[in-house]
S.K.: 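Below are the structure tokens for one structure; questions will follow.
A, B, ... follow the sequence lines: proteins, then strands. Residue 1 opens every chain.
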Amino acid sequence: MRMSQLVGRRYKERPAEATLESHAFLLRGGYARQVANGIYSLLPPGLRVAAKIERIIREEMDRIGGQEILMPVVLTRELWEESGRYADVGPELARFKDRGGRDLLLAMTHEEAVVHLCRDEITSYKQLPAMVYQIQTKFRDEPRSRGGLIRVREFTMKDAYSFHQTQADLDAYYEECAEAYRRIFARCGMPETVKIQSDTGMMGGKVAHEFMLLCDAGEDTIVACDGCGYLANLEVAEGRIAPLPEEPAPLEKVHTPGKRTIDEVAEFLGVPPERTAKVVFYDSDSEGRPVMALVRGDVEMNETKLAKIIQAMPEMADDATIRSVGAEPGFASPMEIDKDKCRIIVDHTLAGAGNLVCGANEPDYHYRNFNLERDLPGTETVDIATVREGDGCPNCDGSLELKRGIEVGNIFQLGRKYTESMAMTYLEENGEEAYPIMGCYGIGVGRLLSSVMEVKRDKFGPIWPISIAPWQVQVNAIGLDNEEVRAAAEKLAGDLSAAGLEVLFDDRDERPGVQFADADLLGVPYRLIVSPRNLKQGQIEWKRRDTGETGFIEPDEAVETAQRWIADGLAAIDAVADQAG
RNA sequence: CGGGGCGUGGCGCAGUUUGGUAGCGCGUCUGCUUUGGGAGCAGAAGGUCAGCGGUUCAAAUCCGCUCGCCCCGACCA
């Protein structure tokens, strides 16, 4: 590629809307342009990187038996009604009508489409297991997109779907897929990506993991054990929160005028927040009952965990709802509550804590010395607590740390949620009809591209791993009005291209500073420089983007040398990918 | 959806308080001089000042409405 013809300008200054470094480089380097909030066009350098990431993904999906297919972006209401998601999913699903008034939608994920396709094609146990995948556009009308390509509304995603006869077979394949993911991220130059336990969200199913790139720009909070390697998303992480046992003292009603919040009450009564019980009302569980949830005062409610228990989205209840079950807002107590009208869910932190302060269901009054076992006997406790930095690891005696991460991929065990609801059956060996068990596996291509940019960079621009660099080698010609330089640079670029290398040739008669700054923004790993100075020595100068090392070679060694660099670079990345697993 | 900020040539910004018919830097084009980390000089092109409506002799500037973008929160397979 000749730089003089490359479409997409580079900016010297940082665009105002960029917050993340990767976002700034995306715009400054001419990789992508925003069309609307969360909707981007890719320019040649951006598309070239994306295409290389996609190629790696294809190779690794094919390696575990995947077959590439392509499903439509536009699907029908009827199809999504089969699974029940047309009603379940909110406004993030873009819906529209065709000219005939038929309800259509833009797919945000393709479980319905893949089951629609495969239920007619896979009808025998002899065809199982099977995995199909696609690399296709998705649209999710996110309430708020941000961060360049990290969180967008329209994006390219690799999504894969597997079908199995047995849970054991899915379990085994799930691990194979996790291993393929580890290889994909390593081959994209990010072997530091980690697999963590995660929530299953709207996908349904029980087992799910996310692949996280740990970095400060990440939107997710990850809980990590310093002792045993336990890793989980904060949404699902479990922790050991130290109990606070105490010999039960008699229940005592105390006057607490106007003291509603945990902090106010704790301060007023002179007790630490961990000696209080926090009550939060939600509206409502899957049967429509209001929910009263309790955690210890120093612990945050985990609404993801709660959602699983009540089988519904927890939404804060209003005061009228709270009063309707006989509780007093700000002074609510689990005692004296009609359990038929209100579901009471108690976190395990309350079980181990004695003599807590809790509401008295009466304005301006609290109780001292609430003890769960004594005052609410027979109450079952569950885990609805949010893990905190320093809490104990659930698996060892280490302690937990909180870190930030970008989710670059995820894997789910879906079970039979979609095959049952959409009536996908096959015949078993014994002639009986059965529903296949599904897994699904996603990777966001643009997000992965941005993530690499976020982590592999210096202050001048991205430092692309050779495996996904937009070009493999760059030729810079300095002083192009010098005929000798022009001829030598043209020959060098031509020879490299003829040898099959991906060459970016800066054939503009620009000053060195301009050329080098642009080269840094494009992040090509290896640079060859032709100039009058070097030519006088009969040499070509080289520079590595990553280490900054420089040196000289003879012109007739250039092609061979560049080939060796690239081969060595790729081999080093592959060696990391081949490790472990 | 709540709170906040901002919309002025491709990019970064000033001008808005106090209304007078649009400016700076970068970039682009032409010429000359330059050539190892974003050159110098001379000339040039490019803007319905987000849009609509209002006030006024006169609106980027004042008033109203709408739209868009960014940030925080809610939300997020």
S.K.: Would you measure the distance from the C1' atom in B:G10 across to the matching atom in B:U55 and give it in whole Å?
M.R.: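 Their C1' atoms lie roughly 35 Å apart.
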
S.K.: Using the closest heavy atom to pick a nucleotide of RNA chain B for each, name whichever of A:Lys138 or A:Gln34 lands nearer the 5' end.
M.R.: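 In this pair, the answer is A:Gln34.
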
S.K.: Between B:C26 and B:A39, how far apart are the P atoms? Round to whole Å, please.
M.R.: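 Nearest-Å result for B:A39 against B:C26 at atom P: 10 Å.
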
S.K.: Please measure how far the P atom in B:C13 lies from the corresponding atom in B:G19, and state the result in whole Å.
M.R.: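 The answer is 27 Å between these two P atoms.
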
S.K.: What nitrogen or oxygen pairs link the protein and nucleotides 72-75 of chain B at under 3.5 Å?
M.R.:
residue: B:C72; atom: OP2; partner: A:Arg144; partner atom: NH2; Å: 2.0
residue: B:G73; atom: N7; partner: A:Arg144; partner atom: NH1; Å: 3.3

S.K.: Between A:Tyr441 and A:Tyr181, is the ring centroid distance below 6.0 Å?
M.R.: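 Here the rings of A:Tyr181 and A:Tyr441 have centres that are no less than 6.0 Å from each other.
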
S.K.: Can you build the contact string for nucleotides 34-40 of chain B? Use B for base contact, S for sugar-phosphate-only contact, and - for no protein heavy atom under 4.0 Å.
M.R.: BBBBBB-

S.K.: Can you figure out which of B:G10, B:C70, B:C11 approaches the side chain of A:Asn37 most closely?
M.R.: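 Closest nucleotide among those given: B:C70.
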
S.K.: Sugar-phosphate atoms are those with a prime plus P, OP1 and OP2; base atoms are the rest. Using that split, label each nucleotide of nucleotides 3-8 of chain B B, S or - for protein heavy atoms under 4.0 Å, 5' to 3'.
M.R.: ------

S.K.: Report yes if the side chains of A:Asp285 and A:Ile345 come closer than 4.5 Å at any heavy-atom pair, otherwise no.
M.R.: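 Counting from C-beta outward, A:Asp285 and A:Ile345 never come under 4.5 Å.
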
S.K.: Looking only at atom C1', what distance separates B:G25 and B:A14, rounded to whole Å?
M.R.: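 Rounded to whole Å, the distance is 11 Å.
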
S.K.: Identify the nucleotide, in any strand shown, that forms a Watson-Crick or G-U wobble pair with B:C62, with both distances under 3.5 Å; if there is none, say none.
M.R.: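 Looking at the geometry, B:C62 pairs with B:G54.
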
